[in-house]
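Computed from heavy atoms alone, side chains included, the values below leave out hydrogens, waters and symmetry copies.
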Amino acid sequence: MSGKGRGLGVAAVVVGLLGVVLALGSLVYARNSYGSSTISSQSMSPTYKPGDRIVFEKVGGGEVRRGDVVLFSAPDRYGFSANVMQRVVGVGGDEVVCCSGSGTGARITVNGKPLSEPYVDRGDVDGAQDVRREGPEGTAVPAR
């Protein structure tokens with residue numbers, strides 16, 4: 001093989017190996033940063049229905065903002081270890097109060113201000129009981 005041909009062959013091998021390493025690194029990153037799940041309840045209907053498959057990004061609690069939809073496991077709270085999907089209505093330091101009013105007039109308040117919830121089915125909040133929750137700084141307070 002001539003000098004120029006040999007150099008191209010070596011370059012092709014190096015680029016090919018680099019491509020394989022980058023592909024494997026991408027797969028490892030994706031596996032550790034993302035996950036998938038199947039919706040098992042009606043709690044987020046009509047947006048997410050039972051049987052829908054979702055892909056989610058794994059983030060820390062400090063990255064969650066109001067209005068985000070989060071997937072988490074809380075076996076002590078729910079009595080089972082399956083993932084639960086809820087919308088975040090408050091973050092660390094917020095005072096979340098549910099619910100002032102009744103029926104379609106019931107509203108969650110965050111720091112004393114009524115929360116606008118256009119995503120709530122027919123404007124009726126779930127579980128119209130008086131619940132006060134305050135989360136520590138840097139944590140999310142999911143809706144009940």
Side-chain angles (χ1 to χ4, degrees), residues 4 6-144:
K4 186 175 183 179
R6 181 176 171 90
L8 286 175
V10 169
V13 168
V14 169
V15 168
L17 288 174
L18 181 61
V20 168
V21 168
L22 286 174
L24 289 174
S26 296
L27 287 173
V28 168
Y29 173 77
R31 185 169 175 94
N32 290 323
S33 299
Y34 296 91
S36 67
S37 186
T38 302
I39 303 299
S40 60
S41 76
Q42 298 267 351
S43 66
M44 293 294 290
S45 186
T47 306
Y48 300 102
K49 297 176 182 69
D52 286 353
R53 299 240 346 123
I54 59 168
V55 174
F56 58 88
E57 180 181 11
K58 299 174 186 177
V59 298
E63 298 178 60
V64 177
R65 304 285 176 250
R66 273 185 217 100
D68 288 353
V69 175
V70 295
L71 190 68
F72 63 97
S73 176
D76 294 340
R77 180 175 175 188
Y78 295 107
F80 57 89
S81 61
N83 288 332
V84 177
M85 180 185 282
Q86 292 184 342
R87 186 175 304 278
V88 175
V89 296
V91 294
D94 287 346
E95 181 185 37
V96 178
V97 178
C98 178
C99 297
S100 62
S102 61
T104 58
R107 290 289 173 258
I108 293 175
T109 60
V110 178
N111 299 326
K113 297 178 185 167
L115 181 64
S116 172
E117 299 177 284
Y119 44 79
V120 174
D121 192 23
R122 296 180 303 278
D124 199 8
V125 295
D126 185 22
Q129 71 270 15
D130 184 25
V131 177
R132 294 178 186 268
R133 300 187 69 210
E134 187 168 335
E137 280 300 320
T139 63
V141 181
R144 282 201 152 207

Atom of Gly90, atom of Val96 and distance for their closest heavy-atom approach: CA-CG2, 4.0 Å
Pairing residues for Asp68 by the side-chain hydrogen bond (donor to acceptor under 3.5 Å, both in side chains) criterion, not counting sequence neighbours: none
Close side-chain approach of Ile39 and Met44, heavy atoms under 4.5 Å: no
Smallest separation among heavy atoms of Ser37 and Asn83, with atom names: OG-ND2, 4.1 Å
Listed partners of Glu57 passing side chain to side chain contact (heavy atoms under 4.5 Å, CB included), at least two apart: Tyr34, Val59
Lys58 atom NZ: more than 12 heavy-atom contacts under 6.0 Å: yes
Nearest heavy-atom neighbours spanning Val110 and Arg66: CG1-NE, 4.0 Å
Residues in side-chain hydrogen bond (donor to acceptor under 3.5 Å, both in side chains) contact with Arg53, at least two apart in sequence or another chain: Ser36, Thr38
With Ser40 via side-chain hydrogen bond (donor to acceptor under 3.5 Å, both in side chains) - residues at least two apart: none
For the student: nearest non-hydrogen atoms of Val91 and Val88, plus distance: CG1-CG1, 4.3 Å
Distance (rounded to the nearest 0.5 Å) between Thr47 OG1 and Met85 CE: 9.5 Å
Atom CZ of Phe56: over 12 foreign heavy atoms under 6.0 Å: yes
Let me check something: any side-chain donor-acceptor pairs from residues 7-31 under 3.5 Å, sequence neighbours excluded? List them with distances.
unit_1, atom_1, unit_2, atom_2, d
Ser26, OG, Leu22, O, 2.9

